[in-house]
Amino acid sequence: MSARPEQRKDPVDAIVEQWAAVRPDLDTAAMEVFGRIFRLSRAMGDSMEKAYASYGISRGEFDVLATLRRADEPYTLSPRQLSATLMLTTGGMTGRLDKLERAGLLRRSPDPHDRRGLQVTLTEKGLTLIDEAVGAGLAAQTTALSGLDTEQAGHLADLLRELLSSTER
C-alpha cells in the first residue's frame, strides 16, 4: 500500500520504510492507514482549536454549545443528555458548563418536569457565538479538504464511514 511513484512521500511512508528495513516480516498496511488518520486528527484538532479560540472557547466547549444548538429550539438539554452525547463524565461536563455559564453562553435552570433535575439552555449570546464558530470550523475543514476534488472527498467520507462502522461493531 506504499506510495505510488507519482505520489509525494509523507512522514508515514518514512516510518513504514524504516520498519521494512528492520522487520521485513511485518505487514504495515494498517500502519499506513492509521498513522495518517492519527496525524490528520492531531493536525485538524490543532486547526479547530485555533478556529474556536478566536471566539474564546475550546473544542470541548464548542462541542457543548454545538450539541445544544443541534437540539433546536429551545436549545435545551439536561446535563445527563449532554454527557451521554459527548461521552463525558458528569464531572467533566460540570466544569465545561460552569465556564460557559460564567461567560453568559448558557444558563442552567431547574427542570420543570423533574424537581431533582436541571436544564441547560443556550443564551442568545451563546446562540450567536455558536452559529459564528461553526462557520469558522467548517471553513478550516473545507480548507483542509481543498487538496481533494468533490468526488475524492465523497469517496474518502464513504471509506471512513465504513471503517468507523466496522470498528464500532
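These values consider heavy atoms only, across backbone and side chains, with no hydrogens, waters or symmetry-generated copies.
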Quick one: pull up [atom1] in [X] and [atom2] in [Y] and give me the separation to the nearest 0.5 Å.
X: Arg107; Y: Leu118; atom1: CZ; atom2: CG; answer: 13.0 Å
X: Leu105; Y: Leu129; atom1: CG; atom2: CG; answer: 5.5 Å
X: Asp131; Y: Leu127; atom1: CG; atom2: CG; answer: 5.0 Å
X: Glu73; Y: Leu122; atom1: CD; atom2: CG; answer: 10.5 Å
X: Ile57; Y: Arg96; atom1: CD1; atom2: CZ; answer: 11.0 Å
X: Lys125; Y: Leu65; atom1: NZ; atom2: CG; answer: 11.0 Å

> Between Thr143 (side chain) and Ala139 (backbone), is there a donor-acceptor pair under 3.5 Å?
Replying inline: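 Here the side-chain-to-backbone pair exists.
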> Are the side chain of Ser47 and the backbone of Ala43 linked by a donor-acceptor contact shorter than 3.5 Å?
Replying inline: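 Checked: no pair found.
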> Ser83 and side chain to side chain contact (heavy atoms under 4.5 Å, CB included): which partner among Thr89, Thr90, Leu77?
Replying inline: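 Going through the options one by one, the only one that passes is Thr90.
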For residues [X] and [Y], report the shortest heavy-atom separation together with the two atoms involved.
X: Gln152; Y: Leu148; answer: OE1-CA, 3.3 Å
X: Thr85; Y: Arg70; answer: CG2-NH2, 4.3 Å
X: Gly35; Y: Val12; answer: C-CG2, 3.9 Å
X: Met44; Y: Ala144; answer: SD-CB, 3.5 Å
X: Tyr55; Y: Ala136; answer: CE1-CB, 3.7 Å
X: Pro112; Y: Gln119; answer: CD-NE2, 3.2 Å

With the 4.5 Å side-chain cut-off for hydrophobic clustering, are [X] and [Y] part of the same group?
X: Val16; Y: Leu26; result: yes
X: Met87; Y: Val64; result: no
X: Phe38; Y: Met48; result: no
X: Val33; Y: Leu156; result: yes

> Are Arg59 and Asp46 close enough for a salt bridge, meaning some N to O gap below 4.0 Å?
Replying inline: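 Result for this pair is no, no salt bridge flagged.
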Measure the shortest side-chain to side-chain distance between [X] and [Y] over non-hydrogen atoms and say whether it is less than 4.5 angstrom.
X: Glu49; Y: Ser58; result: yes
X: Arg39; Y: Arg36; result: no
X: Phe34; Y: Leu163; result: yes

> Does the side-chain contact (heavy atoms from CB on, under 4.5 Å) test come out yes or no for Val134 and Phe62, once each step is laid out?
Replying inline: CA-CA 8 Å; Val134 75; Phe62 170 89; 4.0 Å; yes
> How would you list, by chain and number, every residue that makes a side-chain contact (heavy atoms from CB on, under 4.5 Å) with Thr128, sequence neighbours excluded?
Replying inline: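 For Thr128 the side-chain contact (heavy atoms from CB on, under 4.5 Å) partners, ignoring immediate neighbours, are Glu132.
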>> Between Leu97 and Leu82, does the side-chain contact (heavy atoms from CB on, under 4.5 Å) criterion hold? Intermediate values first, please.
In response: CA-CA 10 Å; Leu97 295 178; Leu82 283 166; 4.1 Å; yes
> Where do Thr28 and Ile15 land on the side-chain contact (heavy atoms from CB on, under 4.5 Å) test, with the steps shown first?
Replying inline: CA-CA 10 Å; Thr28 57; Ile15 292 167; over 6 Å; no
> Who pairs with Glu101 by salt bridge (charged side-chain N to carboxylate O under 4.0 Å, His left out), at least two apart in sequence or on another chain?
Replying inline: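 Expected list: Arg108.
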>> As a quick check of understanding, evaluate side-chain contact (heavy atoms from CB on, under 4.5 Å) for Ile130 and Leu68, giving each step before the final call.
In response: CA-CA 9 Å; Ile130 192 60; Leu68 288 167; over 6 Å; no
